[in-house]
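Throughout, a chain's letter reflects where its sequence line sits, starting with A, and its residues are numbered from 1.
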There are 2 protein chains.
Amino acid sequence: MHRSMAILGTKWKPIVIYMLRERTARFGQLHAAIGSISKKVLTTTLKELEEDGILHRKEFKELPPRVEYSLTERGRTLVPIIIQLAKWDNEHYEHNKKNHPAQKEAAV
Amino acid sequence: MHRSMAILGTKWKPIVIYMLRERTARFGQLHAAIGSISKKVLTTTLKELEEDGILHRKEFKELPPRVEYSLTERGRTLVPIIIQLAKWDNEHYEHNKKNHPAQKEAAV
DNA sequence: CATAATGGTTACTTACAGGTTACCACTTTA
DNA sequence: TAAAGTGGTAACCTGTAAGTAACCATTATG
């Protein structure tokens, strides 16, 4: 439990995994799509997910550089769980826009 | 997504919810069962879960005091998700060590 | 020349979840 | 008289996830 939480229980990791659920994406694409994440935080998020075997980093030796991120097999097993989480969120708070202590920005 | 993570993406909340999945429990019982949690942290964990509508706090006006915690309807909807998370954890870490020594990704 | 584009790094700061320890009120039991 | 049992508070401290802003190397383009 602590381990799955170490992977999912962060601000950005579930979002990154969700974004990669059916297509690979480049660093800049993720950065643009998520919008409010800084490059530094995205970098560490991606690095940690790679270390955990959740995603794969493919670097093309070009100029300007290109790096593509994609889910590993293990990463893909997390997708249904994340979808369930998003669904729960939606069902239980969609109408109830009340003050949640940890709700600081819009849902994703 | 941020909201379900605010509830599940913490150290103790998923554990408390899991413990209450099929029976109510008193403060002291939770404290003893979890073991490594401090009373202060358990108190705030329970208070936040109550504010989020995940569990119900029933105080008996006795001496010595008695307080019983139980999941609300909404709290119960989180149980299957938590079970899935625990299952994922098990399959991808514990299980690997014991029964699947030759997994591809375990080679790293 | 200088700007854009890419995928970062470095240095610094801040917010807050979580932890430690001591203490409280009240009553029963020894 | 004092300890045990209950469900907490109060005061204080710490580690780290996350945020901000500036900078980097390389090449192509206007």
| query | E62(A) CD to dA5(C) P: how many Å, rounded? | reply | 17 Å

| message | Tell me the interatomic distance from I37(A), atom CD1, to dG7(C), atom P, rounded to whole angstroms. | response | 15 Å

| query | Rounding to a whole Å, what distance do you find between K61(A):NZ and dA25(D):P? | reply | 16 Å

| said: Could you measure the distance from the CZ atom of R3(A) to the CG atom of L85(B)? Nearest 0.5 Å is fine. | reply: 13.0 Å

| remark: Nearest-nucleotide check on DNA chain D, L63(B) vs E48(A); residue mapping nearer the 5' end is L63(B)

| note | When rounded to whole Å, the NE2 to P distance for the pair H31(A) and dT6(C) reads 12 Å

| message | For a quick check, with a 4.0 angstrom heavy-atom cut-off, what is the B/S/- contact string for nucleotides 6-15 of chain D, read 5' to 3'? | response | BBBB-B----

| Step by step, would you call V16(A) with I54(A) a side-chain contact (heavy atoms from CB on, under 4.5 Å)? | CA-CA 11 Å; V16(A) 167; I54(A) 303 302; over 6 Å; no

| Taking NZ from K11(A) and C1' from dT16(D), how many angstroms apart are they, rounded to a whole number? | 15 Å

| said: Listing request: all salt bridge (Lys or Arg N to Asp or Glu O under 4.0 Å) pairs with a residue in residues 59-71 of chain A, at least two apart in sequence or in separate chains. | reply: R57(A)-E59(A), E62(A)-R66(A), R66(A)-E68(A)

| task | Would you please name every residue forming a salt bridge (charged side-chain N to carboxylate O under 4.0 Å, His left out) with E51(A), sequence neighbours left out? | result | none

| message | Once salt bridge (charged side-chain N to carboxylate O under 4.0 Å, His left out) is applied, do any residues pair with E50(B), and if so which ones, sequence neighbours excluded? | response | none

| field | Divergence of helical axes at both termini of the helix from dC1(C)-dG30(D) to dA30(C)-dT1(D) - five pairs an end, 10° steps | value | 30°

Can you give the donor-acceptor pairs under 3.5 Å from side chains of residues 28-47 of chain B to other protein atoms, not counting sequence neighbours?
unit_1 : atom_1 : unit_2 : atom_2 : d
Q29(B) : OE1    : R26(B) : N      : 2.8
H31(B) : NE2    : I37(B) : O      : 3.0
S38(B) : OG     : V41(B) : N      : 3.2
T43(B) : OG1    : K39(B) : O      : 2.7
T44(B) : OG1    : V41(B) : O      : 3.0
T45(B) : OG1    : V41(B) : O      : 2.7

| Touch class at under 4.0 angstrom, heavy-atom based, for T10(B) against every strand present | sugar-phosphate

| Quick one: L42(A) CG to dT20(D) C1', roughly how many Å, whole number? | 16 Å

| Pairwise side chain to side chain donor-acceptor pair (under 3.5 Å) hits with a residue in residues 9-25 of chain B, at least two apart | K13(B)-E48(B)

| field | Contact list for residues 52-85 of chain B, test ring pair (Phe, Tyr, Trp, His ring centres under 6.0 Å), sequence neighbours left out | value | none

| note | Rounded to whole Å, NZ of K13(A) lies from C1' of dA18(D) at a distance of 12 Å

| What residues, two or more places apart in sequence or in another chain, satisfy side chain to side chain contact (heavy atoms under 4.5 Å, CB included) together with E73(B)? | R76(B)

